[in-house]
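From a predicted model like this one, the values you see are computed outputs, not experimental measurements. Any value given below was found using the heavy atoms of this structure, including those in side chains, with hydrogens, waters and symmetry copies removed. Here is the naming used below: chain letters follow the sequence lines, and residue numbers restart at 1 for every chain.
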Protein chains: 2
Amino acid sequence: MYRIGELAKQCEVKTDTLRFYEKHGLLSPSSRTDSGYRIYTENDAERLRFILRAKAVGFTLAEISELLSIELDKSNWACADVKGMVDSKLAHVEAKIAELKFFQVSLQRLSNACCGGPESAEHCSILEALETNTDNIKCENHDHHHDDSQYTKNCQRKG
Amino acid sequence: MYRIGELAKQCEVKTDTLRFYEKHGLLSPSSRTDSGYRIYTENDAERLRFILRAKAVGFTLAEISELLSIELDKSNWACADVKGMVDSKLAHVEAKIAELKFFQVSLQRLSNACCGGPESAEHCSILEALETNTDNIKCENHDHHHDDSQYTKNCQRKG
DNA sequence: CTTGACCTTAGATTTAACTCTAAGGTTTAT
DNA sequence: ATAAACCTTAGAGTTAAATCTAAGGTCAAG
């Protein structure tokens with residue numbers, strides 16, 4: 001059982017944000033005190049964490065509402081409806097994962113191609129890494145050496 | 001070589017959006033015609049696609065700017081700087097992937113638990129799926145049958 | 001028994017990211 | 001050679017998602 005300020009602090013949001021989510025139907029406290037204070041349960045907290053996670057990966061509040069409506073309307077829906085909706089959201093999530101893996105590969109490639117030393121990063125760029133396909137990595141070959149293996153271990157392939 | 005309208009159409013954004021990105025330093029056309037029209041190269045288009053992908057997975061324009069600044073400033077930076085920044089962004093991307101996999105698992109679990117038939121979805125909910133750990137899945141056991149295996153194949157485990 | 005940290009509401013303001021408007025110049029098709 | 005469909009700028013308006021303000025009620029500590 002949390003009051004609004006406690007839940008807000010725990011989840012690192014403002015109390016305003018919680019009232020905003022309530023007004024927009026995303027999260028309502030399970031009860032109120034006699035004097036009208038909001039009382040949130042652990043279940044409410046779980047729901048909030050779900051909302052914040054969804055937001056962090058780029059879902060809009062409208063999309064999050066839709067995801068959560070699966071919970072709210074469950075007894076009025078048929079399994080077929082729920083499954084259809086879930087599977088569509090699942091496809092959406094999987095598409096996002098694929099997009100992010102694209103960034104991951106690009107950034108990893110750039111990180112690998114870059115020796116990490118004090119040289120100019122003339123040939124280190126995300127877009128160069130994007131243009132390069134799969135494993136044929138441009139790698140700067142500077143004409144000097146510096147102390148250690150840590151910097152140069154990833155610099156061996158050349159386009 | 002594209003004019004603003006052509007690039008906008010190709011990437012399904014408004015021309016306003018491209019002018020907005022230019023004003024905010026995310027994407028400038030490589031040149032202009034004598035009469036002042038913007039001329040975008042294939043490289044510019046690639047950069048735009050990068051921006052749109054980054055946006056789609058929840059990066060703000062400020063974060064995207066930062067990602068792209070690796071490109072802009074490359075000759076003024078040392079490899080060590082670039083690598084540090086890239087690795088930090090990489091960690092960010094990997095965290096997002098982890099978050100999304102959390103959703104993927106939850107949704108997949110829900111999809112699996114839900115028989116997909118015409119029954120009430122009483123026990124189908126995202127939050128129930130979130131609460132359930134790993135493989136001990138609640139699954140409604142309706143007292144009737146319907147046509148085929150397609151609906152019931154995933155309904156065999158019970159908590 | 002009052003001070004200060006909480007809570008309430010309604011409504012105004014802010015921020016990011018567009019999106020539109022107005023007033024005019026350019027290009028292409030008929 | 002002129003209408004339609006583009007382009008230019010500066011600046012105003014919109015939308016989502018908060019965030020702040022004002023005016024006041026609640027409650028535990030000293």
- [ ] Grab the CG-C1' distance between A:L26 and D:dA16 for me, whole Å please.
- [x] 12 Å
TODO: Whole angstrom is fine here: how far is it from CG in B:D16 over to P in D:dG13?
DONE: 16 Å
Open item on the list: Under 4.0 Å between a side-chain nitrogen and a carboxylate oxygen: does that hold for B:K9 and B:E6?
Closed with: no
Open item on the list: Contact list please: residues 7-14 of chain A against DNA chain C, heavy atoms, distance less than 4.0 Å, in numerical order.
Closed with: none
Task: Rounded interatomic separation in angstrom, taking CG from A:L48 and P from D:dA18 - done: 11 Å
Task: Partner residues of A:E99 under the side chain to side chain contact (heavy atoms under 4.5 Å, CB included) criterion, sequence neighbours left out - done: B:R53, B:A56, B:V57
Please tabulate, for side-chain N and O atoms in residues 14-22 of chain B, each donor-acceptor pair with protein atoms closer than 3.5 Å (sequence neighbours left out).
residue : atom : partner : partner atom : Å
B:E22   : OE1  : B:R38   : NE           : 2.5
B:E22   : OE2  : B:R32   : NH2          : 3.2

- [ ] Tell me which of B:R3 and B:T17 sits closer to the 5' end of DNA chain C, going by the nucleotide each one is nearest to.
- [x] B:T17
Open item on the list: Using the side chain to side chain contact (heavy atoms under 4.5 Å, CB included) criterion, which residues pair with A:T33? Sequence neighbours excluded.
Closed with: A:S35, A:Y37, A:I39
Task: Crowding at CD, A:E42 (>12 non-hydrogen neighbours, <6.0 Å) - done: yes
Task: B:Y2 OH to D:dC6 C1', straight-line distance once rounded to whole Å - done: 18 Å
Open item on the list: Would you say A:Y21 places a side-chain N or O within less than 4.0 Å of OP1 or OP2 belonging to D:dA17?
Closed with: no
Open item on the list: Donor-acceptor check, side chain of A:S88 to backbone of A:G84, threshold 3.5 angstrom: yes or no?
Closed with: no
Open item on the list: Going by side chain to side chain contact (heavy atoms under 4.5 Å, CB included), name the residues that satisfy it together with A:E63, two or more places apart in sequence or in a different chain.
Closed with: A:F59, A:T60, A:K89, A:H92
Open item on the list: At a heavy-atom distance below 4.0 Å, which nucleotide of DNA chain C is the first touched by chain B, and which is the last?
Closed with: C:dA17 to C:dT27
- [ ] Write down the distance between CG (B:D34) and P (D:dC6), rounded to a whole number of angstrom.
- [x] 22 Å
Open item on the list: Could you tell me how far apart A:I51 (CD1) and D:dA17 (P) are, to the nearest whole angstrom?
Closed with: 12 Å
Open item on the list: From the set D:dA17, D:dC20, D:dC7, return the single nucleotide nearest to any side-chain atom of B:I4.
Closed with: D:dC7
- [ ] Send over the distance from A:R19 CZ to D:dC20 P, rounded to a whole Å.
- [x] 12 Å
Open item on the list: Please give me the minimum heavy-atom distance between B:S28 and B:Y40, naming the atom from each residue.
Closed with: C-CE2, 4.4 Å
Task: Distance, rounded to the nearest Å, where A:I64 contributes CD1 and D:dA18 contributes P - done: 8 Å
TODO: For B:K23 and for B:E6, find the nucleotide of DNA chain D with the closest heavy atom, then tell me which residue's nucleotide is more 5'.
DONE: B:E6
TODO: Give a yes or no on whether the backbone of B:T41 and the side-chain of B:D44 come within a donor-acceptor separation of less than 3.5 Å.
DONE: yes
Open item on the list: Applying a 4.0 Å non-hydrogen cut-off, can you work out what B:T33 is touching in the nucleic acid: base, sugar-phosphate, or nothing?
Closed with: nothing
